[in-house]
Every structure is written in C-alpha cells, then in structure tokens.
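All of these numbers come straight from a predicted model, not from anything done at the bench. Quick note on labels: first sequence line is chain A, next is B, and so on, each numbered from 1.
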Amino acid sequence: MKTRALVPLALLAFVDWAAAQATATIYGVLDLNYQRVTAGDRVAPGVSGETINRLDGNQYTLTANRLGLRFMEDLGKGLRAGGVVETGFFPDTGQTANATLFWNRQSYVSLASTSWGEVRLGRQYRFQDETVRLNNPFGNGMILGLNYGYRTTGPFSDPGGFIPMFVDNARVSNAVQYMSPVFRGFRAQAIVAAGEVAAPRYEGLRFSYAKEPLTIAVAFETQGPGSTSRAKLWTVGGGYDFGILKLVGGYQRGRDLNAAMVGSPTDPAALSDNIGSYQDTTSHTLGLRKDIGAFAVGANYARTRFRSAAGESRSLGRVAVGATYGLSKQTRLFAAYGQATGDLRERIVESRLFQSGIDKSF
Amino acid sequence: MKTRALVPLALLAFVDWAAAQATATIYGVLDLNYQRVTAGDRVAPGVSGETINRLDGNQYTLTANRLGLRFMEDLGKGLRAGGVVETGFFPDTGQTANATLFWNRQSYVSLASTSWGEVRLGRQYRFQDETVRLNNPFGNGMILGLNYGYRTTGPFSDPGGFIPMFVDNARVSNAVQYMSPVFRGFRAQAIVAAGEVAAPRYEGLRFSYAKEPLTIAVAFETQGPGSTSRAKLWTVGGGYDFGILKLVGGYQRGRDLNAAMVGSPTDPAALSDNIGSYQDTTSHTLGLRKDIGAFAVGANYARTRFRSAAGESRSLGRVAVGATYGLSKQTRLFAAYGQATGDLRERIVESRLFQSGIDKSF
Amino acid sequence: MKTRALVPLALLAFVDWAAAQATATIYGVLDLNYQRVTAGDRVAPGVSGETINRLDGNQYTLTANRLGLRFMEDLGKGLRAGGVVETGFFPDTGQTANATLFWNRQSYVSLASTSWGEVRLGRQYRFQDETVRLNNPFGNGMILGLNYGYRTTGPFSDPGGFIPMFVDNARVSNAVQYMSPVFRGFRAQAIVAAGEVAAPRYEGLRFSYAKEPLTIAVAFETQGPGSTSRAKLWTVGGGYDFGILKLVGGYQRGRDLNAAMVGSPTDPAALSDNIGSYQDTTSHTLGLRKDIGAFAVGANYARTRFRSAAGESRSLGRVAVGATYGLSKQTRLFAAYGQATGDLRERIVESRLFQSGIDKSF
C-alpha cells in the first residue's frame, strides 16, 4: 500500500461505538538541525576550543523527536478512558532515544472524569519537567530550552556526563498521578512512584494557574532511599503575555540531590573533577518572546549555582537568542545561538552553539 | 497533528481496492495493576515473608500489554492474504517485553481460503498456549491465569528463575502452521518449526471443538535435539457453559522436558535447589465463572507435580478468586487474589498476591 | 478494538487542513520464504557441502521486510514538507533488523518544491543502493538481487563475514541530500554526510534518466578518514524494455575500499583467509525479465573480481533464475534458484540456494 494508502489525519467525525466513542491518534515529530558547536577550552585534553559541524536530531531540537499513539474512549456520563504510548528517537541515525525502554517518553493508562479529575498509571512526566517547560520562550525548544543542560565530556562522544541548567529528569516509571479538574484556571496534581527495584520512591505536588494572560506553576518533588537523605526540588515557572511581548521566567532550588532525582546521565558526579559531586543547585532564568505573523523571536538568560557538600560552589550560565518561522502550523524552520557564561563555561562541550533546522510535527 | 488527528477505530465500511479489499488494523492493550505481593518464607535469605507493593504491567495482567498491526486483503474467490506484527511491552516503565525480538508476540504472513484452510509462516503461538488459555475463567487473565507460573528468585529482581503452573512457552519462531477450515465446530491444526540455529525442531498437532455451550481442545507437541530425548507435551483445556455458571478445566502432562520446550526463563533448572532439574510435569485445574451484567466473577484451583529424572517429586498449587467490571467493551476494572499451596508454596516470590487494576483495549 | 477497528488503506480523498493538506501513510512488507541452502565445500571445517532447510525473512526476500510511516503536508505554492520513518525486521523470529538503530531503514525530514527540488535531512539511502537495484530483474529481489552478497562463515551462524556481489552498504546516517526536479526524465542528486563520531565523511553524486523504455543511473561516492585513503565507488545500472523482453545490467568499480564504505558486516577483512583484505572490486551483471500476465520470469549472471593491496585477485560469480506470480498487486508468490561460480564459489555459505515464498505488501 505504499503510495496509495492514506490515513486522513485531519479532523474526522467521531463514529458511534456501541453507545461509546473511541479514537486513536498517531502523532509525532521529525526535527533535524545543523549545529556548529565550539567546545570549551577545558573540556578535555586535546579538544580545547575545537569546533565541529553536525546534523543532530537529539540535543536542542525545537521539539523532541517522537512517535506516539494516543487512545481515548468516551464512556459516557463525563467519564473517559484513554492512554498514551510514545517512543523517542533520533532521525539523524534512526536510533531510539532509550536503548532499554522503547516507549520511554510516555506509556500510561488513564481514567478521567469532568467532575472528579483524572488518574494516570504508568510512565509519565515528572512535575519538574512540566514546570521547566514554562520558563523559556520556546517551551524547551532549541538552545534556549533549559531542560537539557550541557555535556561535560569530550571529544563530542555520546554518552557522557551532563550538567543540568535546570534539573529536569523528565519522566518517572511505575507512577500513579492524580490531576484535579481545572477550576477557574487552577489545577492541582499529586504523584507517587512506588520504590521498586529500579529506583527509590518518588513523590511530588504541583499547583498551576493558566488563564490568559498569566501562566504559572509551582512544583515540589522529593525522591530518595532514606528519609533523611531524600532529595528535595522546588521548581517555579511561568509567563505573562503583555500583548506586545511575552515575558517568561523560572526559579529552581535543589537540596540533597541524588542520582535518582537528577537522573542519569545528569548524575551529580559530573562535576567531580571540579568541586566533587554537587549536592545543591539554585537556578534562575528570565526570557522574552515576540510573535510577528509567522515569525517568533525570543531571548533568555539563565544561571545556575552548584554547591558541594563541603559548601564550595561554581556557577554556569547561558545567554541565548532564537527565532522560528512557521511554514504551516505543523512545519517550522528555526535558528538559534547560545553562549555559556559563568565559572564552568569552558568545562562544557557546547560552550558556543549555533543551530538551524526544520521541525515537522504530525 | 497532536490533538486533531483522529483515526476512527469503529467499524468502517470496506473500500474497493482494484477489485480487491484491503484493511489494516491498529490494535493494542494498556493494562496496569497495583500488586501487593508477599514472598514465600524460603525464597531467598533475607526476604522471608517480605511484602512489597508495586505497579505492574508485566505479570498477571488481565490481558497482556501489546501493540499490533493486522493486515487483511480479500483476493476474491474465498482467498485472503494477511499478516500480523505484534509487540509486547510493559507500560509501567515503557520497556519492550523482549529485548532482542521486538515483534515478539506474533509476526507472520498468512494465506487463507474458505475451502482449504489457512497457512501461516513466521513467529506464532504454540498449541500449548492456545489450549491453556481455555482452562481458566479469565483467559489467562490475572492471578487466575495458568500461563505465567511463579518466580523462584528474590528479592523481587527481574529476571529470575520461574516455575510454571502449566507449561506455556507461548510462541515459536520459524514456524509453518496449517489450520483446517472450521467444520461443524471442529478444527484441526498442525505446526512445524524447522530446527535452526536458535532452537531444535518443534512439531505440534491440535484438535478443537467450539460450539456453544462446549469448548474443548487437545494439543500434542514435541521438541528436542535428538529423537530419543525429545520433550513431549500433552495439553487439554476447555469449558462448558451451563447458563447459570461456566465450568472450565484443564490437564497437562509433560515428559522428558527440556529448555527448548519449557522456554527460558522457565528452564527446568529453576528447581535445582530443591530436587534438581525437573523432567516431567503433571498439571490439573478446575474453575468456574459467573457473569452478572457488567460483572464477571471467577475462581479456580490448580495443582502441578514436578518429577526429577531420579523420580523424586514436588507439588505446587494455587487457589485464586477474581472479578472484572466492564466500564465498556474495551475498558475493564479488575481485582483478584491468589495464594500458593503445595510443597513449594514457600519457595516462590508470589506466595500471596492481591491485585487491582485497569485494562484498556483498543 | 481487535477485530472491528479498520483503517481503510485504499485511496481516501484528501481532507482540507487549515488551507493545507496533510496525510500519513502506514506501509510495510511481510515476506517469508522457505530456503534450501547447500554450503560450499570449503566454508568451514565440518560443514562441507552441508544442506539445511530454513524459513527466512532476512536474506534474499522478494522485498525486504519493513514497517513505515510516511508523512506529507502540502504547504501550497508547490511546496511540500514530509518525512519517513521506517524499521526493518525479520518476521521469521520477530527480530528487528538493526539492534541499535530501530528506524534503521530510513528516517528523514524533507522539504520539496516542484520548481527547485527537494532537500532531505537524516538517515537515507546511499546512491550505490539506488543504482544497484536497477541492475537486476526483480529490483534486488530474491537470489537474483545483487545487494546482499554471500556469507563466508559457517555453520549457518548469524552474524558472520560477508562478501558482496556489488558493494551495497545501503544507508548513511547524518546525511543531507539535494535532489533536483525531474526534467525530461533527467534528475541529479548530491549527498553529504558530515564526518561524526560514528563514521567518516561521505559524499556522493548521482545522475539518472528514466523515461520508457530506458532507465539508467550513474553514481560516484567517496568516504574515508583522510584525503589520500578515501574509498571511491563508481556504480552504473539500468535497463531497456524491448517490449517482448526487458534487459537489465550494471557495472561497479571500487577503489581503496574501507569498512565505512563497504559497511559492516561486509567488511573487506571477510576475505582474510583467502587473499587478506580486498581493496578493489570490479563487478558486472547482465539480466533479462519477461512479464506474462500475472507471471514474471527473469534470469541473470553477475561476476565480481576482488583485488588485495598486494595485487592478488579472486573472482566470485552467480547465475540465477526466478519467477513471481501476483495474486494481487500487493500479494506475490515467488521462487528462485541461484548457484555460485568463480574462484570463491566453495568458500561461501549459500553456494547453491533454492527458495520459494510469499510477499505481502500493504
């Protein structure tokens, strides 16, 4: 059925399904960008200031590459059952994003009611990720996104150590989440992932308000093996649309961080050749965005301070600008530039990065 | 196309295809359940009687998690060509069920005729699996299913050794199957998987009758490297619907069992710390099911005797009760409890198991 | 939605999509064939002339097993955005074709214009593959295809060393391709894959002409770590349809070949037990094809000469005949026989091969 088999992806009328309605959606993103990367002078012996060109579908995409299936069944009386399975991949090589967890991005089943809210079981987003994506102009897109951080090992090899800008260990397995209904823009969420073989118990709370022109969210999360050494993470993010300009910003504070909370490969040990493992982080960011027709331009600044158990600290920052141009709602061209600042600016691979690419969602 | 692209999954009219008709079906199951597991007292040092809570999408699901594509083309004159590819996964973490065989559940091409039957080439179900699923109230669902057995290694780590209740090494690769047409409820099946690098030659025969109120099937299978040491497996399963109640039951007898027949990780060596490898098994089960509106309740008992080459034997049994509630044809809530009995009842991980979950098919 | 959910794969009317049109296509191939293989007398100790029967979905298929998604959005003014993700697999076992690159067959995003041509970013075909597939009667189908070559290690184990008939390292990652519009049958293509961690820089040019009754293509490719040692590959392929018969043929010349160009597992070292690594290859082929109703019959001969750095050389050839019968446009039965010739004919596994199978595309 190669050339003839077409599944219409535009809005189709719902079809009766034995007094219920059921739909399945195939969706995805193909995003590839050219990057010119200049490594910091102290990343590794022999790569001081080295510049490479690469085609990348992994880091600093406008939106992350993915393929997913979304299911939704209307059970009547305001009740819905559904679910999502979503795999990440890198179209520059065809590689899956996670070698062991194929449906690594999301895989959950959900039961939702218009009056009492929604329960989700399975692998899903942590609250830090849902909050960090509000603090930058392009929703974690391009080098302006604060979810990815920096690589600390060279020369340009994968995988390696990472330093986060904002801690964003995006997902958690074995989780049960409750989401309240939205009431006048307000919503509350609570999540628990039982401590199983793979990871210790994770818990989180999130409160958000979204009503034009204001969006704001606050999340508190904790994870760890014991009660005294549990990692704690407070994350705030949001934006205000002034009409002529949209302002975005965020704050995050991490205490007693451990690998389970920060996530591999952004393990605290990544800084060991500098100040030993970091234990605490404090991060700030401020940005703005302006939409002009099919264009959107944005800029932001972020700064993180890492503190070791011994109290020694180092800073890492980034200043970045970017723009997107929409050929359609689903197809965008983009370009951005980011430059690292702070104490650690020469210890990272992507010290200076220019990028330009295409993002096709469907 | 994230929120707008909807593929209607309800019954669509077939469309002419150059004098033929061709359809593709995306289907799947999302099933997650909470489990409270109490390990046996002699599973491993330090885990005697330990209890854990977990969210699981792997073991004891109501129906196994999967995603599949089913193809069917009507060639005219009663002839059809088709095929299936189906992957298993665990939505609690997003992991695929089989690290090396992605389309592990089924992948075959088929040519079928209304008059002479069907031929299937590829990876498909063994006859033991198609028969065992008839012997319990919920078609291998929940802790009442007899296809999964018990884990023998702790503490709660995956993977580990398994002991089967009924031998059910569900699938075989490189297989050619012939299925007769159904004649007055009767059907005969024959299967051969050529001995290739991965596994020795496998052969099976199955006869079944399915006409309300009676369903019954008998399977004989054999697999092994030589002619004298070939494993032999007889499996019988079925049910009778009395209207007020449905009775189900089964019997299985295995002789000269080897790893190819029993399957990894249910290798005979799993019992080595008890009686050495088992060579023969004899299993019985009896159960009942009652449907009341959207509810279904069921209970069953099963018992297996393992015999070593030296003639020493051990028993393992299970008594279980369960219930399902259908929010729709495709969405069910479920809960069950099972408790191990017999000589080996304290040597297994899931000695006592309570579970409750949701199963969403599409 | 197991049995009821049908996605119509026949031609559907395009649907308006906010002044644009967007479609997604699920497509694939299920191809399984029985093979009777007789190994060469000098493949390995103990397998001299051994014959095995196997069910195979990997080598010598009529068309390679795959599942893919193809996306296309009409942006207006002759502009289109699209992309492809395609995974290969072997339905005899359910295994994916590439353990690390799931979307190994193709994964790219594309922007195309009717006036200025098309740009593709991502993993895509090398020009050698697009050219070799023109040089044989069944488009690289069955044992008549020249893309696969021969295995050199026994006894029938996977993976092992390979010897190519025509060099066909089918795909390249991290690539940017430009394709000109077709002008009176002519088209020009250029490709560059940046030298990244995984592989050194690859570059290619291809010119083709396709207008009944003539099809012809010429490709030049180069890849390698340095400028002096870069591998060079010239490939020519095409056919002429005389009406009563179609003639096909091809020529290929490789110089300074290295593993990056030839591809693993067809590494030049495969001949080490014969003449050491080969460095140069020269390949010829000639074939014919005749279509009679639903039948197509074809035959071809191919011969390759391998030369080592020391100038020593060995030859390997193949003579093959085959036929296909179309049950429909999407369902074909096929059978073929091929026999190796030349100096190395007894050093390979598939010295003589008979095959018969079914190929179902959708």
Side-chain angles (χ1 to χ4, degrees), chain B residues 1 4-5 7-28 68-71 73 75-76 79 81-87 98 100-111 119 121-123 171 173-176 193-194 196-198 330 361-362, chain C residues 1-12 15 17-18 22-35 52-57 65-67 71 73 87 89-97 99 102 155-158 326-333 357-362:
Chain B
M1 297 232 170
R4 297 176 198 82
V7 179
L9 288 190
L11 191 62
L12 287 168
F14 278 43
V15 187
D16 263 23
W17 172 259
Q21 295 178 321
T23 58
T25 310
I26 299 174
Y27 65 92
L69 281 168
R70 188 181 297 117
F71 306 100
E73 183 189 7
L75 300 168
L79 205 61
V84 168
V85 290
E86 190 177 301
T87 179
N98 188 312
T100 53
L101 307 181
F102 185 82
W103 303 105
N104 68 309
R105 289 184 60 86
Q106 294 183 78
S107 67
Y108 65 78
V109 64
S110 141
L111 203 56
V119 172
L121 311 178
R123 182 168 173 85
R171 299 158 189 94
S173 292
N174 302 307
V176 179
E196 299 195 7
V197 174
Q330 299 170 262
S361 68
F362 54 84
Chain C
M1 298 226 168
K2 286 177 198 167
T3 54
R4 298 177 198 79
L6 307 173
V7 179
L9 289 192
L11 191 62
L12 287 170
V15 187
W17 171 258
T23 58
T25 310
I26 299 174
Y27 65 91
V29 169
L30 282 169
D31 182 305
L32 279 160
N33 70 96
Y34 157 82
Q35 292 177 5
I52 62 155
N53 301 295
R54 66 183 179 205
L55 184 72
D56 204 345
N65 285 289
R66 72 196 71 175
L67 282 175
F71 306 100
E73 185 189 6
T87 179
F89 68 103
F90 308 140
D92 47 341
T93 62
Q95 195 181 351
T96 45
F102 186 82
F156 305 101
S157 63
D158 266 326
L327 292 169
S328 77
K329 269 191 164 182
Q330 298 170 262
T331 306
R332 286 182 291 173
L333 305 177
I358 181 169
D359 180 278
K360 172 90 196 78
S361 67
F362 53 84

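Contact of B:V109 with chain C is made through backbone and side chain together, with heavy-atom distances under 4.5 Å. B:F102 touches chain C through backbone and side chain together, each having a heavy atom under 4.5 Å away. The contact between B:A175 and chain C is made entirely by backbone atoms, counting heavy-atom distances below 4.5 Å. When heavy atoms are compared at a cutoff of 4.5 Å, C:Y34 does not approach chain B at all.
Atom CG of B:L121 and atom NZ of C:K360 lie 14.0 Å apart (nearest 0.5 Å). Atom OG of B:S110 and atom CD1 of C:I358 lie 7.5 Å apart (nearest 0.5 Å). Atom-to-atom distance recorded for B:N174:CG and C:D92:CG is 5.0 Å, nearest 0.5 angstrom.
Across every non-hydrogen atom of B:A194 and C:N53, the tightest pair is CB-O, 4.2 Å. Heavy-atom minimum distance, C:L30 versus B:V84: CD1-N, 4.0 Å.
Here B:L111 is the residue among B:N104, B:L111, B:V176 with the most heavy-atom pairs under 4.5 Å with chain C.
Note on ring orientation: taking the six-membered ring where Trp is involved, the planes of B:F71 and C:F362 are parallel (angle under 30°, cut-offs 30° and 60°).
Looking at C:T331 and B:E73, their side chains come closer than 4.5 Å, going by heavy atoms from C-beta outward.
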Given the rule in the side chain to side chain donor-acceptor pair (under 3.5 Å) test, do C:Q95 and B:T100 qualify, once you have shown the distances and angles that lead to the verdict?
CA-CA 6 Å; C:Q95 195 181 351; B:T100 53; over 6 Å; no
